[in-house]
Amino acid sequence: MGELETVIELAKRRGFFWQSFSTYGGFGGLNDYAPLGSLLKDRVYSVWGGIYASLNGIELDSPNITPEDVLKASGHVERFSDVAVTCLNCHTKQKAENLVSELGLQAKNGLPEEFDLIIESSGIKCPRCGGKFGKAYNFNLMFRIDGEDGTFYMRPETAQGIFVNFKNLYNYNRNKLPMIVYQKGKGFRNEISPRQALIREREFYMAEVEVFLENDKYDSFIPKGDVDVTLLDRDGKEHHTNLLKASENGLLNPDHAFFLEVTYGFATRVGIKKERLRFRQHRKDELAHYSRDCWDLEAYIDENWVEITGISDRGTYDLEMHQKYTGKNYEYADGKIARVIEPASGIGRIIMAILTSSFRKRESDYNYLDLPDEVAPYRICVLPLQKKDGLAEKAREFMEKIRSIEPFSTYDESGAIGRRYARQDEIGTPYCLTVDYETLENGSFTLRERNTMEQIRIQSIDELLSTGNILTSPAIIKTRKLRK
Ligand code: AMP
């Protein structure tokens, strides 16, 4: 089994995510976040929100349903499309880019006519039935809704909700730039071939940030330059450097570089391993219609580099277009429109990258997820060594106390203790608290660390509760050191 398949199987069996509507046959690109996946998602969002709140960011939560005029102004109605081809025999639709890229080819400008030529000259046939394809055409990726009072679309990105609110937000921000606005929520895209669980979905959780900057200023933020990263530029040249140096060398503007650095910090903090990350600059012909320059943070998943975040320089495009279409003022000062840097992440892809990069095999066959304490769905599990002799009662009493400071904790009393540890390891729970006979005598218990499976004895439950936060308690700090 490949890495992706292994993780998808684990996710299904243990309750991270499930294919939606499976009793009706299942539909590609629609997934349920199961109980553990929901917790993990919320933890990832919370780290992300915390990072931007710490940079003085402000949050917005705007509707999923967006009126057509807004998306006409933003260019999505006309241009947010992929080139598709339909098999004349079995009528399945395919994304033309996927078909030609499998042969290592590429349509320079992404036009339907170019794809027709490549498909014809390379003799590409339908992978499903071997049939011939009809002419390539542009296929808009938005889901359209016929509302009672006009046409609407499910938003393909959360960004437009922020742009149309520029004046409200700017006013709220006391008319100051730079202004960072972040929004979490779903985006919807009518993907031609949804696949690979959370990697290509029809609706997916996004974490988008719009950073509004003074129009003619490129260094409102300066990268710290404290981590080395891999940057693959648009000419295919690889740079191993830090982002301060990269900006000094002119590879990208300082403020753009700063948000690459923030994005990298977020990705590693939630558990994507450094060796699996790189930045790749878009080729000119690959840039979205609104973008001047874009660097994707890509994660290595199952032998492929997958975009998890796009950090785009959108310039003044969106605000200018909304100003033009509405005739309203979108300026931050007389005649000046803010420029925008946008780090836009997909939470599902980030979760897939976290799971694949943290999956560890043990010889014993009991595998584990090496998740950071901060994002593990459950941070601690309480287990009585056995159910009898009052051990379970004592363990439940501890559980109740722990839940008063860490509600997302779990309890397990069913089955042999080794199996119970294995269950927690497999879902990434970093700590297991075991109540044994000594606990009944003097209140002490053991804490087990997931990666090393080592245990230490803690004298009292207060050592776990004293700071009001499991992760900073003296007992956990001691146990965490076993990992190093
Ligand atoms: P984009 O606006 O296309 O750069 O998308 C922003 C982010 O959303 C990407 O970096 C992905 O992580 C995520 N994303 C885009 N399309 C999908 C999709 N169909 N399924 C899951 N995630 C997606």
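These numbers come from the heavy atoms of this one structure, side chains and all, not from hydrogens, waters or symmetry mates. Residue indices begin at 1 and follow the sequence shown. As the structure lists them, so they are numbered: ligands from 1, and atoms in each ligand from 1.
- Between atom 22 (N) of ligand 1 and the options R349, E201, M352, E307, the minimum heavy-atom separation is to R349.
- Under a 4.0 angstrom heavy-atom cut-off, R200 registers as being in contact with ligand 1.
- For the pair R276 and Y300, the cation-pi test (distance below 6.0 Å, angle within 45°) is failed.
- Annotation: F212 is not in aromatic contact with Y170 [ring centroid separation under 6.0 Å not met].
- Checked by distance only, ligand 1 and S345 stay at 3.5 Å or farther apart across all their nitrogen or oxygen atoms.
- At under 3.5 Å, not a single nitrogen or oxygen of M206, backbone or side chain, sits near a nitrogen or oxygen of ligand 1.
- The shortest separation from a heavy atom of A344 to ligand 1 is under 4.0 Å, placing the residue in contact.
- Within 6.0 Å of NZ in K217 there are more than 12 heavy atoms belonging to other residues, nucleotides or ligands.
- Applying the ring pair (Phe, Tyr, Trp, His ring centres under 6.0 Å) test to F204 and every residue at least two apart in sequence or in another chain returns nothing.
- Among protein heavy atoms, the minimum distance from atom 12 (O) of ligand 1 is reached at I308 O, 2.8 Å.
- Between I199 and ligand 1 there is a heavy-atom distance shorter than 4.0 Å.
- Considering backbone and side-chain atoms alike, E157 places every N or O at 3.5 Å or more from each N or O of ligand 1.
- Using a 4.5 Å heavy-atom threshold, the side chains of E157 and S74 count as separate.
- At least one heavy atom of L198 sits under 4.0 Å from some atom of ligand 1.
- Distance from atom 2 (O) of ligand 1 to its nearest protein heavy atom, with residue and atom name: R189 NH2, 3.1 Å.
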